[in-house]
Each structure stands twice: as C-alpha cells, then as structure tokens.
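Please read the structure below before turning to the comments.
Quick caveat: nothing in here was measured; it's all calculated off a predicted structure.
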Amino acid sequence: MAGEIPDLIAEARTGTGKGAARQARREQLVPGIVYGGGVDPQPINIKYNYLLTKLRKGRFLSTLFNLKVEGQEDVRVICRGVQRDVVKDLPTHVDLMRLRRTSRINLFIHVNFENQDLAPGLKRGGTLTVVRQEVELEVTAGDIPDHITVDLTGKNIGDVIHIEDIALPEGVVPSIKRNFVIANIAAPSGLRSEDNAEEAAEE
C-alpha cells in the first residue's frame, strides 16, 4: 500500500539563534527547525547543495519525507515553509513538521493506467490523453498509497475518466472537492478529419 518515502538527511544543530544560523550558512549548511508531534522543537542543519537538489525536483512542500538525523530515531516530516534570500531566491531556512502515523496530509499520488489492450477506443486508433499524471489526495501519513489505478477496460473513443470513476483506497479522498478529469480517449487524427469533413458537407 504505502509507497517508498524518500529520505531527508540532516544533522542536529547545536546552539540556536541568529549567530548559530549564520555560522551554519558560512559552512554551506541551511538551518532549520523540526517541530510538532508533541516533542520539543529540534534545530537541524541540511547541506546546502543537497537541499537545493531536493527543491529543484519540485513538490518539496507536498512530499512526505523520512527525516534521518544521526543518533536519533527516524521521523516522518513534511515541509511547512522554506525561507529564501530575497535577492538570490536561494534557501536560507526550512521549517519541518513531525507527523504521527494517524496525521492527515495532502500529497500528490501517481496515476497508473491499466488494461489498455482491453479498451476498444485504443484498439480503433484512439489516443489516451492524460490530463493528470498525479492527483493531490488527502491521505493518512501511516498508510500512503504508492499509486491509484485507472482501469481502461471497455473505454471507447470520446470517453472521459473523472476522479469519481476511480476506486480510491479506503480513507483516501481527493483534496479538490469537484469531479475533475483525469484522462480521456481522443479520436485518431484521421477520424477527426473525416468527422470535420462530414460536418462541413452537411453545413
């Protein structure tokens, strides 16, 4: 059920305040704080280039991480803020929140499409047009689905697949409260051209 949660490696930061934070930045480290979960806040440092790589991958603020700090138990966290230099737009501080396994959070979950060989519309030359390769869902931190599945069995040209057409795992709900489109099966270009020609002739 649960997908592999990426690690976020940090080190404990001794000392707090602006002086300790400035010292961390001089050493190519980004200071941060881990809070929540009924535990005292924990000052940390994250290597600058390592954090920058994570940020550039995207979705940093909506990814659940397994925080690893040497000498401490791993803990699940989600980023609640990244402060940046106003001129260079580079990270200067991160805020991480601890999550209990029962915590509810919004995450982007990958969409898998199955049984394409059982879709008559695709056999006729139709094209699967994916509108959302990922969907933002509200999930429980201790039970995160690796993906959700769209079954294309019986789908024909012109069929549209909405979020309400998908059987979501128990306890998982869309974060957007409307029946949005996931994908559709479009007609092949040749068939569209014929339809357009027929419409023009009728007019």
Distance-minimising heavy-atom pair for [X] and [Y]:
X: Leu8; Y: Tyr50; result: CA-OH, 3.5 Å
X: Ala183; Y: Phe113; result: CB-CE2, 3.7 Å
X: Leu67; Y: Ala10; result: CD1-CB, 4.0 Å
X: Ala141; Y: Arg100; result: CB-O, 3.4 Å
X: Ala24; Y: Asn45; result: CB-OD1, 3.4 Å
X: Val30; Y: Pro91; result: CG2-O, 4.0 Å

Hey, could you give me the [atom1]/[atom2] distance between [X] and [Y], rounded to the nearest 0.5 Å?
X: Leu52; Y: Lys47; atom1: CG; atom2: NZ; result: 15.0 Å
X: Gln133; Y: His110; atom1: CD; atom2: NE2; result: 4.5 Å
X: Leu122; Y: Leu152; atom1: CG; atom2: CG; result: 6.5 Å
X: Leu107; Y: Thr140; atom1: CG; atom2: OG1; result: 10.5 Å
X: Gln72; Y: Gln42; atom1: CD; atom2: CD; result: 4.5 Å
X: Ile161; Y: Asp151; atom1: CD1; atom2: CG; result: 9.0 Å

So, do [X] and [Y] sit near enough that their side-chain heavy atoms are less than 4.5 Å apart?
X: Ile105; Y: Val139; result: yes
X: Arg56; Y: Thr53; result: no
X: Met97; Y: Tyr35; result: yes
X: Arg124; Y: Pro188; result: no
X: Leu29; Y: Gln23; result: no
X: Leu137; Y: Ile148; result: yes
X: Asn184; Y: Val131; result: yes
X: Arg178; Y: Ile163; result: no

Taking everything shown except [X] itself, do over 12 heavy atoms lie less than 6.0 Å from its [atom1]?
X: Lys57; atom1: NZ; value: no
X: Asp40; atom1: CG; value: no
X: Glu27; atom1: CD; value: yes
X: Arg26; atom1: CZ; value: yes

Can any side-chain N or O of [X] pair as donor or acceptor with the backbone N or O of [Y] at less than 3.5 Å?
X: Ser175; Y: Glu136; result: yes
X: Asp74; Y: Asn66; result: no
X: Arg76; Y: Arg101; result: no
X: Arg98; Y: Gly36; result: yes

May I ask whether [X] and [Y] are part of the same hydrophobic cluster, defined by side-chain heavy atoms of I, L, V, M, F, W, Y residues being less than 4.5 angstrom apart, directly or through others?
X: Ile109; Y: Ile176; answer: yes
X: Ile44; Y: Leu99; answer: no
X: Val172; Y: Ile144; answer: yes
X: Val111; Y: Leu168; answer: yes
X: Leu55; Y: Ile78; answer: no

Hits for side-chain hydrogen bond (donor to acceptor under 3.5 Å, both in side chains) against Thr63, two or more places apart or cross-chain, chain-then-number order -> none
Checking Thr92 against Arg84: is there a side-chain donor and acceptor pair closer than 3.5 Å?
no
Partner set under side-chain contact (heavy atoms from CB on, under 4.5 Å) for Lys88, not counting sequence neighbours
Asp85, Leu90
